[in-house]
Amino acid sequence: MKIEQNYSLINYNTFRLQVNSRWFMEYDNEEELQKILRDEYFQESLSLHIGSGSNLLFLNDYNGIILHSNIKGIEITHESGEHVFLRIGAAEKWDDIVAFAVEQGWGGIENLSGIPGEAGAAAVQNIGAYGMEIRDVIEAVETYNQLTFERKVFTSEECNYGYRNSYFKNEHNDPYIVTYINIKLCKNPQYCVDYGNLRQQLGKEEEMDLKKIREAVLAIRKEKLPDPGVIGNAGSFFTNPAIEEAHFNRLINRYPRIPSYPVEEGKRKIPAGWLIEQCGFKGKTHGNVGVHEKQALILVNLGEATGDEIALVAESIRMAVLEQFEIELIPEVKYIG
Ligand code: EPU
């Protein structure tokens with residue numbers, strides 16, 4: 001167990017904001033987690049459980065306890081002719097899991113290569129990219145209830161997954177801390193390469209394999225997305241909005257080239273990056289904050305930005321898109337403070 005006071009969170013938020021937490025507590029197993037949660041001081045304090053902070057925007061120092069899992073391990077629990085089932089500690093780096101699966105020849109998560117963050121947060125956030133989402137492979141999510149001190153295993157259905165959403169994210173402030181995720185991978189994978197320019201990046205289909213798909217996804221990401229290890233960012237700042245068909249029809253008259261794709265009945269999704277680009281923000285800088293020059297959906301910390309400055313730029317983007325398109329962008333990034 002690790003307990004630190006006035007702890008810098010620079011390595012726990014991919015925006016690389018210079019913020020501190022009053023306390024930082026990291027547990028290595030469920031027993032240690034239980035010990036922390038049962039502690040009276042913990043129960044009276046403000047607290048927040050985080051992963052690697054790849055989806056967080058700290059608006060100021062955190063005047064409470066930041067809780068972090070160090071539960072690691074990738075274990076094969078069982079196999080069938082077609083599938084292999086893995087139990088993974090919430091603190092494993094997501095991309096290490098993908099690399100391991102691809103190395104073994106197990107399919108189902110190769111398109112999710114290169115996504116920053118840890119396994120537990122990936123399952124909470126329902127990470128997705130290039131036509132795949134983690135929900136497609138989740139069998140179960142093991143949790144610990146910080147109010148009742150009971151373990152609860154959620155089936156995939158009980159996780160109630162949606163686009164970048166799950167039961168664990170919903171606003172009824174659920175007290176569940178993810179300890180392990182259980183996923184199911186395919187021994188004879190079907191490749192899913194129809195998203196955007198993935199097929200083009202891959203070349204001929206007959207030469208395709210999991211390693212090539214992973215490499216192609218990593219190459220596309222490298223070309224388009226800023227590496228948080230080099231320049232602070234939290235990936236897509238907003239989710240892609242879904243609008244009513246009638247609203248879309250009004251827009252297409254004014255913007256015949258508007259990209260879109262159908263989602264649920266009567267709705268279309270518009271890439272938020274396109275909307276932001278149309279409002280003239282792409283590649284622009286505002287003090288210490290930049291709008292990425294290759295993907296307008298990503299805000300970057302140019303070095304010394306504060307959470308407030310990033311939030312201010314996000315707000316002016318939100319207002320501009322609302323005014324020009326009557327579409328309300330919703331942050332994917334979670335504001336803290
Ligand atoms: N576009 C623009 N200008 C831009 C950016 C995008 O016009 O500056 C338009 C283009 O038409 C492009 C389309 O938007 O074809 C889609 O762009 P892209 O393929 O980059 O995907 P996205 O919808 O912007 C989503 C996810 C990403 C994920 C990619 C690939 C969300 C909020 N974002 O972005 O996820 O990597 O698809 O699957 O759904 C993340 O969540 O942090 C993230 C990076």
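Order of listing sets the numbers, starting from 1, for every ligand and every atom in it.
In terms of protein heavy atoms, atom 42 (O) of ligand 1 is closest to Ser236 N, 2.9 Å. Scanning all protein heavy atoms for the shortest distance to atom 17 (O) of ligand 1 gives Lys224 NZ, 3.9 Å. Of all protein heavy atoms, the one lying nearest to atom 5 (C) of ligand 1 is Gln295 OE1, 2.9 Å. Looking at atom 25 (C) of ligand 1, its nearest protein heavy atom turns out to be Asn240 ND2, 4.2 Å. Ranking the protein heavy atoms by distance from atom 10 (C) of ligand 1 puts Pro259 CG, 4.8 Å first.
Per-residue contacts place Gly235 under 4.0 angstrom from the following atoms of ligand 1 (heavy atoms of the residue considered): 42 (O). The contact set between ligand 1 and Ala129, taken as ligand atoms under 4.0 Å from a residue heavy atom, comprises 36 (O), 38 (O). Close approach of ligand 1 to Glu332 (heavy-atom distance below 4.0 Å) involves ligand atoms 32 (C), 40 (C), 41 (O), 42 (O). Every atom of ligand 1 is numbered from 1 in the order shown, and the set under 4.0 Å from a heavy atom of Lys282 is 3 (N), 4 (C), 8 (O).
Sequence neighbours left out, not one pair with a member in residues 32-60 passes salt bridge (Lys or Arg N to Asp or Glu O under 4.0 Å). A ring-ring contact (aromatic ring centres under 6.0 Å, His included) check over residues 303-337, counting only residues at least two apart or in different chains, returns the pairs Tyr255-Phe325, Trp274-Phe325.
Side chains of Trp23 and Tyr62: no donor on one and acceptor on the other come within 3.5 Å. For the 3.5 Å distance criterion, the side chains of Asn288 and Glu309 qualify, holding a donor opposite an acceptor. Between the side chains of Gln18 and Glu304, no donor-acceptor pair is found at a separation under 3.5 Å. There is a side-chain donor-acceptor pair under 3.5 Å between Asn70 and Asp28. Side-chain polar atoms of Arg214 and Ser113 form a donor-acceptor pair below 3.5 angstrom.
Looking at ligand 1, you'll find an N or O of Arg164 within less than 3.5 Å of one of its N or O atoms. For ligand 1, the polar-atom distance check against Tyr130 finds a nitrogen or oxygen pair separated by under 3.5 Å. The shortest N or O to N or O distance between Thr239 and ligand 1 is not under 3.5 Å.
With a 4.0 Å heavy-atom cut-off, ligand 1 is reached by the side chain of Glu277 but not by its N, CA, C or O.
Atom 15 (O) of ligand 1 is never approached by the protein to below 4.0 angstrom, counting heavy atoms only.
Under the 6.0 Å distance and 45° angle rule, Lys169 does not count as a cation-pi partner of Tyr167. A cation-pi geometry, defined here as NZ or CZ lying under 6.0 Å from the six-membered ring centre and within 45° of its normal, holds between Arg268 and Phe248.
Among Tyr163, Tyr195, Phe237, Phe238, the residue whose heavy atom lies nearest to atom 31 (C) of ligand 1 is Tyr163. Around atom 13 (C) of ligand 1, the closest heavy atom drawn from Pro116, Ala296, Pro271 belongs to Pro271. Across the listed options Phe281, Tyr261, Trp274, Trp274 owns the non-hydrogen atom lying nearest to atom 1 (N) of ligand 1.
No option in Lys2, His68, Arg22 other than Lys2 meets the side chain to side chain donor-acceptor pair (under 3.5 Å) test with Tyr7. Just one of Glu79, Gln104, His83, Glu82 meets the side chain to side chain donor-acceptor pair (under 3.5 Å) condition when paired with Lys187; it is Glu79.
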